[in-house]
Structure formats: C-alpha cells, structure tokens
Amino acid sequence: MATIEHVLGDITEQDTDAIVNAANSSLLGGGGVDGAIHRKGGPEILDACRKLRAGHHGGGLKTGQAVATTAGRLKATWVIHTVGPVWSATEDRSQLLADCHHNALKVAKDLGARSIAFPAISTGIYRWPVEDAARIARAATENADIELIRFVLFDEKTLAAYRP
Ligand code: APR
C-alpha cells in the first residue's frame, strides 16, 4: 500500500526513484513538464527518447502508454514518459488518463522503483479540468503496489484540487 504525498513544487527537483513526464506522442520534447525535464535533465534524456523512436516505439508513444528512460542529470534515476489525453468535451477519455497512471506505475514496478513522482498530467496544455483530473489520478493510484507516490503540483489551485 503506497504512501501518497501532495507537494507544491517542481517535479525536476524531486529525489524519487522515478519522475513521470507529461510527454507527447513524439517523445521529442515540448513545453510544460516535458520542457522542464528535458531542459534540466540534459541531452541524455532526448538521446534515449530518440533511441526509443528508432526502436519499437517507431510510431511514437500512444496516449495512455508509458516508457522509461534515464533521468540524465536529474536526482531521479528514471523518467517515465507518458502521454496524457487531450481534454474533450464530447468524448470521455477518462480511461486514457487513468491508464497513464496505471502504466507509469507498472513501468516503475518493472524497474524496481520504490518511489514515483507524478505531475498533474493533462491539466496544462492538454486543458483537462483540474478537479476531474485529480479525481481520476486519485482513483488510479489509491491501491498502488509501490512504497511512495508523490504528486508534485505546480500551483496552489492544482495542489488544492489534488490534496484530499
Ligand atoms: N513541475 C511540476 N509540474 C509542472 C511543471 C514542473 N516543472 N511545469 C508545469 N507543470 C504543471 C502544469 O502547471 C500543469 O498543472 O504540470 C501540469 C501538466 O501541464 P503540461 O506540462 O502542460 O502537460 P499536459 O497538460 O499533459 O500537456 C502535455 O504539453 O509540454 C507539452 O510535450 C508536452 O505536448 C505535451 C503537452
């Protein structure tokens, strides 16, 4: 049964074994969390992502899926990249957002990671309403088989939504 923490902060500063990147399907970087992780983690991370693209992730990472790379210069050992769903008012993509959490936790377990930090996946550029994303994230992580899950929120509003 995981200990679950909610902190206000920068996910690139976290010393958990793994940190989760809110990536896009290209795995070749972007803004927000993705931009911060690549900027601070250094080129090793992008090199590893490029190798994934050259290998069995040739077509890019599908929404809801997760894959790990080195964390480069970051304190964490691994970055687990996952692609959140873009918010849609007409299509219920909730299962895909839950899958991001389930699959990131599965990758973490396969790696032997004992702690993992999650950002508020899909609530930035992908415009998912924060309250709903928090509900999905909570449900998807409540019985996780890992020692520590830390939600790292970037502003007070998101922290208030994610903190039970
Ligand atoms: N640490 C923690 N949280 C952060 C950080 C950071 N350094 N930077 C941004 N955030 C927060 C945002 O404020 C938001 O609450 O992470 C949440 C997710 O926002 P985004 O990073 O925009 O991720 P998302 O909404 O999933 O959109 C993914 O954005 O950066 C691109 O390449 C990425 O195309 C992909 C898309």
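Just so you know, ligand 1 is whichever comes first in the structure, and atom 1 is the first atom listed for that ligand.
The shell of residues lying under 4.0 angstrom from ligand 1, judged by heavy atoms, includes Ala23. Look at Thr12 and you'll find every heavy atom at least 4.0 Å from all atoms of ligand 1. A heavy-atom separation below 4.0 Å is found between Gly9 and ligand 1. Not a single heavy atom of Gly35 sits under 4.0 Å from any atom of ligand 1.
Thr141 places a side-chain N or O within 3.5 Å of a backbone atom of Ala137 that can act as its donor or acceptor partner. At distances below 3.5 Å, at least one donor-acceptor pair connects side-chain atoms of Lys75 with backbone N or O atoms of Glu13. Panel note: side chain Asp34, backbone Asn21; no donor-acceptor pair is recorded below 3.5 Å. The backbone N or O of Ser26 lies less than 3.5 Å from a partner atom in the side chain of Arg53, making a donor-acceptor pair. Using a distance-only test at 3.5 Å, with no hydrogens or angles considered, no donor-acceptor pair links the side chain of Arg150 to the main chain of Ser115.
For atom 10 (N) of ligand 1, the nearest non-hydrogen atom of the protein is Val33 CG2, 3.5 Å. If you check which protein heavy atom lies closest to atom 29 (O) of ligand 1, you get Ile125 CD1, 3.2 Å. When only non-hydrogen protein atoms are considered, atom 14 (C) of ligand 1 lies nearest to Thr123 OG1, 3.4 Å. The protein heavy atom nearest to atom 1 (N) of ligand 1 is Ile11 N, 2.9 Å. Of the protein's heavy atoms, Gly124 N, 2.8 Å lies nearest to atom 25 (O) of ligand 1. Of the protein's non-hydrogen atoms, the one nearest atom 35 (C) of ligand 1 is Tyr126 OH, 3.4 Å. In this structure, atom 26 (O) of ligand 1 lies nearest to the protein heavy atom Ser122 N, 2.9 Å.
Of the polar atoms of Phe154, none of the N or O atoms is found under 3.5 Å from an N or O of ligand 1, judged by distance alone. Note: an N/O pair closer than 3.5 Å links Asp10 and ligand 1 by distance alone. Considering backbone and side-chain N/O atoms, Ala120 never comes within less than 3.5 Å of an N/O atom of ligand 1. Considering both main-chain and side-chain atoms, Thr158 never comes within under 3.5 Å of ligand 1 through any nitrogen or oxygen pair.
Phe151 and His6 have their aromatic ring centers within a separation under 6.0 angstrom.
Under the rule for a ring-ring contact (aromatic ring centres under 6.0 Å, His included), His38 has no partner lying at least two apart in sequence or in another chain.
Near Ala22, the atoms of ligand 1 lying under 4.0 angstrom from a non-hydrogen atom of the residue are 23 (O), 26 (O), 28 (C), 33 (C). Near Asp34, meaning under 4.0 Å from one of its heavy atoms, ligand 1 places the atoms 30 (O), 32 (O), 33 (C).
Contact check for Val86 versus Ser122: no side-chain heavy atoms found under the 4.5 Å cut-off.
Partner of Phe118 under the side-chain contact (heavy atoms from CB on, under 4.5 Å) criterion, out of Leu105, Leu153, Ile80: Leu105 alone.
Look at Glu44 and Arg73 and you find no salt bridge, because none of the NZ, NE, NH1 or NH2 atoms lies under 4.0 Å from a carboxylate O.
Closest to atom 30 (O) of ligand 1 by heavy atom, among Ala117, Gly31, Ala133, is Gly31.
Evaluation of the ring-ring contact (aromatic ring centres under 6.0 Å, His included) test over residues 71-93, restricted to residues two or more places apart or in two chains, returns Trp87-Trp128.
Under 4.0 angstrom from ligand 1, the non-hydrogen atoms of Ala36 all belong to its side chain.
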Requested in this report: Determine, step by step, whether Lys51 and Asp47 satisfy the salt bridge (charged side-chain N to carboxylate O under 4.0 Å, His left out) criterion, reporting the C-alpha distance in whole Å, the side-chain angles of both residues, the deciding distance to 0.1 Å, and the verdict.
Outcome: CA-CA 6 Å; Lys51 287 192 178 74; Asp47 290 347; 5.7 Å; no
